Amino acid sequence: MDAIQKARAFSSQIRHRDSAQRVDDKQMTPRVFQPPISGAAYYGQAYKYEEVTHYRGWVAACIGASIREVAGSEAPHIGRVYKREIDGDGKLKRKSWRPVRKALGGPKQHEEFEPYEDDHPIVQVFRRPNSHYVAYDLWAYHMLFKGLTGEAHWWVIRNQFRAPVEIWVIPTHWMRLETDGWGRPVAYAVQSPWGQLQHVPYEDVVSFRDHSPLNMYEGAALLQIGAEWIDSYEAQVRARLAMFKNGGAPAFHVLLGESYADPDEAFLARFYAKWMQRFQGENNWGKPVVTGPDVEVKQLGVTPDEIPFQAGEEMGRDEICALYGTPKGVLGIEPSTDVSAYAPQRQYVRFRINPELKYIGEVVTEKIVRQTPDHEDGVFFFDDHVINDPEQQRADINT
């Protein structure tokens with residue numbers, strides 16, 4: 001338990017430091033987030049590491065779209081809610097300081113919303129989560145690891161008043177859950193690829209998970225749910241690359257004249273080595289062939305056939321986009337006008353982004369805002385990201 005006690009001692013140091021005064025940032029930055037000193041063996045969950053290595057191709061395109069939509073949007077609303085107070089004349093005694101647009105899990109119809117001031121500690125920590133992050137980084141890393149591993153974890157460091165002063169997104173594949181003798185979770189052992197190891201108390205970690213039917217402490221990664229789709233698509237990509245890069249299909253027939261004896265293996269090996277050295281690879285495509293007077297080179301007509309790969313590429317793309325709930329119009333694949341672009345955007349945010357933001361708002365409200373003393377009426381929520389079609393709005397008004 002020594003490591004866990006050290007982790008709590010580190011958190012205690014942070015609590016006694018004002019978040020705006022970082023005099024010795026390197027010393028106070030958690031070890032696992034400091035620059036590498038020397039290499040070391042990987043420590044975290046091996047299958048989670050395998051999941052993050054698939055951040056490429058259409059997987060990266062879909063996750064990148066969610067990052068831009070969430071991290072590049074308006075800041076969330078943070079404040080308190082209270083019931084409407086009606087006076088004897090039937091009028092409201094108080095009104096909210098700021099009108100709320102369509103909200104995701106925010107104030108109810110019978111409630112008013114009063115945002116916290118800009119210098120409020122909770123507002124400040126979401127504007128600058130830590131000494132290395134800006135607000136965009138927090139949401140970008142959250143959506144990145146949530147999309148790759150099905151879970152995202154925040155290390156929330158609080159001050160002596162239990163107000164959050166720093167938030168770090170812990171890479172999921174760095175983490176391993178540790179339990180006590182009764183099987184209760186007590187800490188996460190976090191080790192970076194360059195060898196730094198640190199124990200984070202379980203109560204200091206706020207977790208977001210895609211619900212798994214196998215384990216309530218781990219998320220269900222989409223990359224595992226659609227593993228066959230991902231593997232099939234990546235195999236096609238590798239096969240197509242090998243076809244063009246290695247030139248596996250013979251394109252010429254070299255006819256040796258009567259002056260050449262029956263070539264043995266040594267001759268063929270030497271001949272093929274010279275041929276491949278001169279003509280293999282994309283940079284040597286189309287070079288002229290110079291031969292002796294008794295050698296004839298004929299075109300076989302066997303050319304790389306990309307038609308099957310085109311069908312496989314489209315099928316793999318559609319499967320991965322369906323897995324991540326990302327319409328092709330959001331990725332810029334299908335041509336669209338300014339008007340028709342609203343349809344895929346509305347579909348995307350309605351079925352993919354809005355549920356995620358509502359879940360984030362509920363977790364942050366219960367695990368961060370309301371865990372701060374005297375903030376039992378606090379709330380954290382995002383605006384609805386659905387953008388109304390202006391042409392449809394104009395048509396509705398005319399009607």
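Everything numeric in this text was worked out from a predicted model, so none of it was measured.
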- Message: Is the shortest side-chain heavy-atom distance between M143 and I63 below 4.5 Å?
- Response: no

- Query: Taking it one step at a time, do E356 and K146 satisfy salt bridge (Lys or Arg N to Asp or Glu O under 4.0 Å)?
  - Reply: CA-CA 10 Å; E356 182 71 27; K146 185 72 160 23; 3.1 Å; yes

- Say whether E50 and H54, considering side chains only, have a donor N or O and an acceptor N or O under 3.5 Å apart. yes

- For the hydrophobic clusters of this structure (ILVMFWY residues joined by side-chain heavy atoms under 4.5 Å, transitively), does one cluster hold both M315 and L331? no

- Message: To check you understand the geometry: which heavy-atom pair defines the closest contact between A65 and T326, and what is its length?
- Response: CB-CG2, 4.4 Å

- Task: Check the angle between the aromatic planes of Y359 and H211 and answer parallel, tilted or perpendicular using the 30° and 60° thresholds.
- Result: tilted

- Message: Would you compute the distance between atom CD1 of I320 and atom CG of L222 and round it to the nearest 0.5 angstrom?
- Response: 11.5 Å

- Query: Do F381 and F113 pass the ring-ring contact (aromatic ring centres under 6.0 Å, His included) test, and can you show the C-alpha distance, the side-chain angles, and the key distance before you say yes or no?
  - Reply: CA-CA 11 Å; F381 64 94; F113 173 70; 5.2 Å; yes

- Task: Kindly indicate whether the side chain of N130, heavy atoms from C-beta on, has any atom under 4.5 Å from the side chain of L138.
- Result: no

- Would you call the rings of W139 and F126 parallel, tilted or perpendicular, where under 30° means parallel and over 60° means perpendicular? parallel

- Heavy atoms of other groups near Q277 CD, more than 12 under 6.0 Å: no

- Query: With side chains defined as the heavy atoms from C-beta onward, is the minimum distance between V156 and V205 less than 4.5 Å?
  - Reply: no

- Message: Is the shortest side-chain heavy-atom distance between Y348 and S66 below 4.5 Å?
- Response: yes

- Task: Find out whether P164 and I122 are in side-chain contact, i.e. whether some heavy atom of one side chain is under 4.5 Å from a heavy atom of the other.
- Result: yes

- Query: ring-ring contact (aromatic ring centres under 6.0 Å, His included) between H153 and Y188: does it pass, once the steps are laid out?
  - Reply: CA-CA 10 Å; H153 303 272; Y188 283 101; 5.6 Å; yes

- Report the distance from atom CD of E112 to atom OH of Y82, rounding to the nearest 0.5 Å. 5.5 Å

- Message: Within the 3.5 Å criterion, strictly below it, is a donor on D137 or H132 matched to an acceptor on the partner's side chain?
- Response: no

- Will you find, in the side chains of W58 and E313, an N or O donor that is under 3.5 Å from an N or O acceptor? yes

- Note on the structure: Between the CG atom in D119 and the CZ atom in R127, the distance rounded to the nearest 0.5 Å is 9.5 Å

- Side chain proximity check, Y133 to Y141, heavy atoms < 4.5 angstrom: yes

- Item | side chain to side chain donor-acceptor pair (under 3.5 Å) partners of T179, counting only residues at least two apart | none

- Task: Of all the heavy-atom pairs spanning G219 and E151, show the shortest one and how long it is.
- Result: N-OE2, 2.9 Å

- Message: What verdict does the side-chain contact (heavy atoms from CB on, under 4.5 Å) test give for L357 and V70, after you've listed the backbone C-alpha separation in whole Å, the side-chain angles of each residue and the deciding distance to 0.1 Å?
- Response: CA-CA 8 Å; L357 295 181; V70 175; 3.8 Å; yes

- Is the shortest side-chain N to carboxylate O distance from E69 to R352 below 4.0 Å? no

- Query: Would you call the rings of H142 and F208 parallel, tilted or perpendicular, where under 30° means parallel and over 60° means perpendicular?
  - Reply: perpendicular

- Query: Taking all non-hydrogen atoms of both residues, which atom of P373 and which atom of F161 are closest, and how far apart?
  - Reply: CD-O, 3.5 Å

- Task: Would you confirm whether S232, through its side chain, and I230, through its main-chain N or O, come within 3.5 Å as a donor-acceptor pair?
- Result: no

- Message: Set out, in order, the CA-CA distance, both residues' side-chain angles and the distance that settles salt bridge (Lys or Arg N to Asp or Glu O under 4.0 Å) for R56 and E234, then state yes or no.
- Response: CA-CA 10 Å; R56 54 180 180 267; E234 292 183 349; 3.2 Å; yes

- Task: Might you work through the salt bridge (Lys or Arg N to Asp or Glu O under 4.0 Å) test for E51 and K48, ending with a clear yes or no?
- Result: CA-CA 5 Å; E51 289 170 358; K48 292 297 180 183; 3.6 Å; yes

- Task: Can you sort out the partners of R184 under side chain to side chain donor-acceptor pair (under 3.5 Å), two or more places apart, ordered by chain and number?
- Result: D180

- Message: Any non-hydrogen side-chain atom of H375 less than 4.5 Å from a side-chain atom of Y116?
- Response: yes

- Message: Checking R68 against S73: is there a side-chain donor and acceptor pair closer than 3.5 Å?
- Response: no

- Locate the shortest heavy-atom distance separating A187 from L177; write the atom from each residue and the value. O-CD1, 3.6 Å

- Message: Quick one, C321 and C62 - any side-chain contact, counting heavy atoms below 4.5 Å?
- Response: yes

- Query: Going through the distances and angles, do F382 and N354 end up as a side-chain contact (heavy atoms from CB on, under 4.5 Å)?
  - Reply: CA-CA 9 Å; F382 290 88; N354 277 357; over 6 Å; no

- Query: If you look at every heavy atom in R162 and T372, which pair is closest and at what distance?
  - Reply: O-OG1, 3.6 Å

- Task: Assess whether side-chain contact (heavy atoms from CB on, under 4.5 Å) is satisfied between L148 and V59, documenting all intermediate values.
- Result: CA-CA 9 Å; L148 288 172; V59 172; 4.3 Å; yes

- Query: When rounded to the nearest 0.5 angstrom, what distance separates CD in E117 from CD1 in I78?
  - Reply: 13.0 Å

- Under a 4.5 Å side-chain heavy-atom rule over Ile, Leu, Val, Met, Phe, Trp and Tyr, are F351 and V386 clustered together? no

- Query: So which of V200, I157, V190 actually passes side-chain contact (heavy atoms from CB on, under 4.5 Å) with W168?
  - Reply: I157

- Item | Steps toward salt bridge (Lys or Arg N to Asp or Glu O under 4.0 Å) verdict (E376, R370) | CA-CA 5 Å; E376 291 75 12; R370 293 184 178 177; over 6 Å; no

- Query: Could you give the distance from NE2 (H77) to CD (E114), rounded to the nearest 0.5 Å?
  - Reply: 14.5 Å

- Under the side chain to side chain donor-acceptor pair (under 3.5 Å) test, residues paired with K367 that sit two or more places apart: none

- Looking at Y136 and A71, what are the two nearest heavy atoms and their distance? CD1-O, 3.3 Å

- One should read off an interatomic distance between M175 CE and E178 CD, to the nearest 0.5 angstrom, of 11.0 Å

- Task: Show your reasoning for whether side-chain contact (heavy atoms from CB on, under 4.5 Å) applies to R317 and K328.
- Result: CA-CA 9 Å; R317 176 199 64 198; K328 291 183 287 185; 3.6 Å; yes

- Query: Should L214 and L223 be regarded as members of a common hydrophobic cluster, given that ILVMFWY residues are connected when their side-chain heavy atoms come within less than 4.5 Å of each other, either directly or indirectly?
  - Reply: no

